Each structure stands twice: as C-alpha cells, then as structure tokens.
Amino acid sequence: MAAQLVDRWPPLTAGLHALSFDGGRVELLLGLGDTRHMMRELVLQADAIYLDGFAPQHRREPWDEWLLKSVSRHAEPGTTVATSHMSRAMGKALSALGFEIGPVPGLASKPEAGAARFAPRHALQRPAGREPLAPGARRALIVGAGLAGAACALALSRQGLACTVIDALPGPAQASSGNPAGLFHGTVNPDDGPHARFNRAAALATQRLLVELGVPHSQGLLRLETRLSLARMLAAPGYVQPLSADAAAALAGTALRHPAWFYPGGGAVDPGAYTRAMLAASAAELRLGTAVAALEPHADGWHLLDAAGQRIASAPLVVLAGGHAQLPLLGELAEDLVVQRGQISHLTDAPWCPGVPVAGDGYVIADGRGGLWCGATAQDGDLDPALREADQLDNLQRYTRLAGLGEVPPAPLAGRVAWRLVAPDRLPLIGGLAAPGPRADQLRLQPRCAGLAVCTGFASRGIGWAAMAGRLVAALALGSPRPLEAELLDAVDPLRFALRRARRATNPGLAG
C-alpha cells in the first residue's frame, strides 16, 4: 500500500489532488498549500478529524482559535476530533466551539493527548449552494454518451450508484467526442489564477485516470511559448518544464523558433477509446438512439420525456452531460454558450511527424502510420457539416508554421467536422441549476434544483476536463468532499454568468 501511495504521489503543485486506490473504492484528497488558505477552500463535512499535535517545545502550536473555528465549519454533530497534544488553550477553544472534550483510551503514555466530539448547542446552517443535489440517490440518468457523460457515469458508479447513459446517437462518442485524436495538458499563467489551477487539477486527474484504465495514449506534449523568454518561464517539477527552442526541437524532431512548455504527463489520446473505457469501467446501462426532448420534475426526482411527451426513464438524479444538441434542455444557461464549429485535417503521408504532440498556433498529432492530424479551425455559430477546402488550407498552414517547412504540403481534402460548446470565460459549466424563487447574491448561497446537475461547455478541452468534471458531479450530487477548492467550484458554477448579469444590473458601473 505504501508503494501504491508513492507511485500515485502528485507533483508538488498547490491545491487539491484527488487520488484513487483499489479501483476507485478508496480515495485520498490531498491538499498542498498553506493551512489557513486550504481550510478556507475545503468544501467537505468530516466524520473524523485528526489535528497534528506539534509538541510546543519544538514548534509554536499551529492550531489557534481561527484555525479551530475553521475546523468546526467542516464538522457535523457527532464528528470526532483527536490530537496527540491537547493543550489547555486548544481544549478551551474547542469547548467554546461546541466540542465536548473526553478521555482517550489507550493513550496513557501521552497524557496530553485528547479527543472531542462535536455537539453544537444550536442547529447548524450550511450555505444552500453547497448542499448535495441528491444525497440519497442510488440511481442516476446521464444524458450524453460522450466524454462528459462517460466520466460522470464512472464517478457516480464508484460512489455506488447504478447509472444509465442515454444518447440520441447510435453509439458512444459520436459527436464532439468522436474525433480520432485529441490533446490533453494543463496551462500556466504567471499569477496561477483560476484557469491555470483548474486546468492543472483536471490535467493531473486525466493523467491518472488514463493510466488506471489502461487507455493507450502518447505521453509528453510540447506547447510553444511565443511571448515569454526562456528565462521568464517558471518550472513546476513533475507537471511542466520550460525547454529551450533547441531542447524542444530535439523532442519534436524539427527546428523550432521558440522555447516550449513540456508537459510530461500531457499527451494525445483517441477520445472515443477513452470514452468507451470509462463506460465499460462504470458498468452503466446504455440506451442509445434515444433522444430526450424535455425534463419533468416529480416527487422522487425527474422524468425524461421524448418529443411526444412520453416518459423515457425516471431517476432521483439526472445529469445533463451532452453537447450542442442538448441546448434546448439547458434553459437560460443556453444563452451563455456559443456553438463553435471545428474542422481538423488528416495527412496520410506527412513530410514531418512530431516525436510528441506539439501545440501552439494549432496542433499536430502523429497518427502512428506515417501521417498526422492537425488543426483546428473555430467558427462561432457555423453549422455547416461539410469538409471545406478553405479550412483544410488554414490547418495545413498552421502545420507548416509549426513544422518550420518552406511551403504548404499538398494533401487531398480529409478530416472531420464537429461542434464545441464554449462559455465566454473558456471554463466548463459543472453544477446545479437555480431553484425557483429569488436569486441569491452569492453562488454558495443560491439554492439548487434537487436531483439535477449539468456538465457541459467543454470547448476544445473535453479530454482534459472529463475526469475532473465527473468527480465533481459525483461530489456535488452526493455531498462527498469536493475535489476542487471553493474558488474553483465558483469558477465552473453554471450560474456564474447569471449572477454577473444581476450584479451589473444592480450596479451598472461594475465590471464583469
């Protein structure tokens, strides 16, 4: 077991790291960072809490009143607290917070050890927006059999739910998740803001799940850096490494004009194979060729209805995890999403195939047969399904620049068209929908519709976001520890745009 823990130990990057063991039946949520910051950002209710004692003769006691109050926010009636060093000040503070101090049997050699049980004198009120969406659910219906839906089915099944995945198409991963290859990697920005932290957490989760499921994938990815010099590119060991243009060129197998970020855990994978692996591991029932036209609430959850108003299925938990075809089910959320057409191109006989996937202005992925995939275009609101010569030329020009070639190689028109759902801030929509009634002025205070979650808006990052999104949906539904910090929960909350509009309407001078 120790060897497994060492093998799964994450890069030392700040934030939460969700590690799985024993086929997902055991999970470790490891937080790396300053204790005070992490206590603010944790969203969980604990059954048992251990406070590291830190003998005061060796170190100042870390558990001051502020931190102990933070501990109490993560406790429920009956939660136990134990420590190997219960100082008088700690015991007094815990008592004031509603903990009953008691003896600890079996620790006679440590008379300063102590334990407590949470018995608050008043009923606790938790933020309405942090309440679980379907805490007692044992069954779930997931609408969408692509990457998002498969990841939700896997995560929910690992929490003991029987899942049914429903899709209008005849097979899984046949819409935007059906491209023959795609990239996954994190991002870096100087202030390590929400985008960088969410993408890092998601990329590391993807890396772990691909290995766990045994999905074939290329390992290692280069992303060219055209703005920063090598000296200004900071490393995060085990996650991302800055490389000079020469070092990056050696990996890519062609001359490069710019330094690059090397993501050792990034790479490329067949999204269809990844989707099918998650569905197989979930043991979910598949109902394909079944279009869902509407949702109807009922006393025990939700009904899914077809175009004639007939019931397809019912369950206490429904997850909307489809792409652009699912927009009519999203209600007002659809106003915030853009349908974006993307075309990728295939060269069967390429003058240069990269040693590892290369991204920058476009991307290039070797197909393993002497050819490659490159792309991709992006046109908002364009629903044309046909391959276009102009888009192919655009993709080949990007490839030519990445490869450092003198001229665009000739190639017959070949590739694939698909559509992405893109949010204005380029982050996904994962969470619950607003319950009827007045809207709160904070996301954490907004009550949600019981038994209903959305998991959509994956833009061009479906491969890299799916694993984390599925974990998050399961945690939000059942109330288990959230795998992301509170700030990141708000960053992907589906109601964030409506809240911003409401704030601007109240205060027209307020920035978005």
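Predicted model only: the values in this text are computed from it and were never measured. Note: hydrogens, waters and symmetry copies are ignored here, and every other heavy atom, side chains too, is used.
- At distances below 3.5 Å, not a single donor-acceptor pair connects side-chain atoms of Gln340 with backbone N or O atoms of Gly381.
- Counted by atom type alone, Ser314 and His303 present one or more donor-acceptor pairs between their side chains at under 3.5 Å.
- Contact annotation: the side chain of Leu396 approaches that of Cys374 to within less than 4.5 Å [non-hydrogen atoms, C-beta and beyond].
- For the pair Met468 and Ala202, the tightest heavy-atom approach, listed with the atom from each and the gap, is CB-CA, 3.8 Å.
- The residues Arg444 and Asp493 are annotated as not salt-bridged, no charged nitrogen and carboxylate oxygen being separated by less than 4.0 angstrom.
- By the 4.5 Å heavy-atom criterion applied to side chains, Pro132 and Leu478 are not counted as neighbours.
- Here Arg500 does not pair with Asp336 in a salt bridge; the nearest charged N to carboxylate O distance is not below 4.0 Å.
- No side-chain donor-acceptor contact under 3.5 Å links Glu212 to the backbone of Gly23.
- In this structure, the side chain of Arg503 engages the main chain of Asp441 through a donor-acceptor pair within 3.5 Å.
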So Phe184 and Val269, side-chain contact (heavy atoms from CB on, under 4.5 Å) or not? Walk me through it. CA-CA 8 Å; Phe184 60 95; Val269 70; 4.3 Å; yes

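- In this structure, CD1 in Ile166 is found 10.0 Å from CG in Leu288, a value given to the nearest 0.5 Å.
- Shortest non-hydrogen contact noted between Asn189 and Asp191 is OD1-OD1, 2.7 Å.
- Note on Glu487 versus Arg197: salt bridge recorded, some NZ/NE/NH1/NH2 to OD/OE distance being below 4.0 Å.
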Give the intermediate values and the outcome of side-chain contact (heavy atoms from CB on, under 4.5 Å) for residues Leu141 and Leu304. CA-CA 9 Å; Leu141 296 172; Leu304 301 185; 3.8 Å; yes

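- In this structure, CD on Gln397 lies 10.0 Å from CG on Asp361, to the nearest 0.5 angstrom.
- Between Asp382 and Arg388 there is a salt bridge, since a side-chain N of the basic residue sits under 4.0 Å from a carboxylate O of the acidic one.
- Side-chain N/O atoms of Arg471 and Ser480 include no donor and acceptor closer than 3.5 Å.
- Look at Arg311 and Glu296 and you find no salt bridge, because none of the NZ, NE, NH1 or NH2 atoms lies under 4.0 Å from a carboxylate O.
- When all heavy atoms of Ala440 and Leu499 are compared, the closest pair comes out as O-CD1, 3.7 Å.
- With contacts defined as side-chain heavy-atom distances shorter than 4.5 Å, the pair Leu213/Met278 qualifies.
- Atom CG in Leu372 sits 5.0 Å away from atom SG in Cys353 (nearest 0.5 Å).
- Distance alone, capped at 3.5 Å, places no donor-acceptor pair between the Asn199 side chain and the Gly186 backbone.
- Relative orientation of the Trp465 and Phe458 rings is perpendicular, given thresholds of 30° and 60° on the angle between their planes.
- Checking side-chain atoms of Ser282 against main-chain N and O of Ser157 turns up no donor-acceptor pair under 3.5 Å.
- Between the side chains of Asp391 and Gln379, at least one donor N or O lies within less than 3.5 Å of an accepting N or O.
- Residues His185 and Arg461 approach most closely at O-NH1, 3.1 Å, considering heavy atoms.
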Worked verdict on Arg8 versus Glu27 for salt bridge (Lys or Arg N to Asp or Glu O under 4.0 Å): CA-CA 11 Å; Arg8 287 168 174 76; Glu27 295 188 352; over 6 Å; no

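- You'll find the side chain of Leu405 reaches within 4.5 Å of the side chain of Pro351, heavy atoms only.
- Side-chain contact between Met38 and Leu16 is present, with heavy atoms from C-beta onward closer than 4.5 Å.
- Legend: ring pair (Phe, Tyr, Trp, His ring centres under 6.0 Å) pairs involving residues 222-246, not counting sequence neighbours, sorted by first then second residue: Tyr239-Tyr263.
- Side chains of Glu225 and Trp261: a donor on one and an acceptor on the other come within 3.5 Å.
- At least one donor-acceptor pair under 3.5 Å links the side chain of Arg496 to the backbone N or O of Ala491.
- Under the 4.5 Å side-chain criterion, counting only non-hydrogen atoms from C-beta, Leu489 is in contact with Arg130.
- Checking side-chain atoms of Arg341 against main-chain N and O of Asp384 turns up a donor-acceptor pair under 3.5 Å.
- Each of Leu256, Leu221, Leu243 was scored for a side chain to side chain contact (heavy atoms under 4.5 Å, CB included) with Leu251, with one residue passing: Leu243.
- Looking at Ser218, its side chain does come within 3.5 Å of a backbone N or O of Ala268 through a donor-acceptor pair.
- Between the side chain of Thr377 and the backbone N or O of Gln343 there is at least one donor-acceptor pair closer than 3.5 Å.
- The CG atom of Leu484 lies 6.5 Å from the CZ atom of Phe198; values are rounded to the nearest 0.5 Å.
- Taking every heavy atom of both residues into account, Asp367 and Leu347 meet most closely at OD2-O, 4.3 Å.
- Looking at heavy atoms from C-beta onward, Arg208 lies out of side-chain contact with Ser20 at the 4.5 angstrom threshold.
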When you look at His195 and Leu427, which way does the side-chain contact (heavy atoms from CB on, under 4.5 Å) test go after all the steps? CA-CA 7 Å; His195 282 76; Leu427 285 172; 3.6 Å; yes

CA sep, side-chain torsions, deciding dist, call: Val492, Leu472, side-chain contact (heavy atoms from CB on, under 4.5 Å): CA-CA 10 Å; Val492 300; Leu472 181 53; 3.9 Å; yes

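- Note that the CG atom of Asp192 and the CG atom of Leu234 stand 10.5 Å from one another [nearest 0.5 Å].
- A salt bridge links Glu332 and Arg439; the closest N-O separation between the charged side-chain nitrogens and carboxylate oxygens is under 4.0 Å.
- Few gaps surround CZ on Arg501; more than 12 heavy atoms of other groups in view lie less than 6.0 Å from it.
- For the side chain to side chain contact (heavy atoms under 4.5 Å, CB included) with Gln174, the qualifying choice from Ser177, Pro170, Ser176 is Pro170, the only one to do so.
- A donor-acceptor pair is defined here as one N or O able to donate and one able to accept, closer than 3.5 Å; such a pair exists between the side chain of Thr254 and the backbone of Ala403.
- Side-chain contact of Arg448 with Gln446: a donor-acceptor pair under 3.5 Å is absent, judged by distance alone.
- Ala467 and Leu209 get closest at one heavy-atom pair: CB-CD2, 3.8 Å.
- Using a 4.5 Å heavy-atom threshold, the side chains of Leu222 and Tyr363 count as separate.
- Once rounded to the nearest 0.5 Å, the distance linking CD of Gln392 with OH of Tyr399 reads 12.5 Å.
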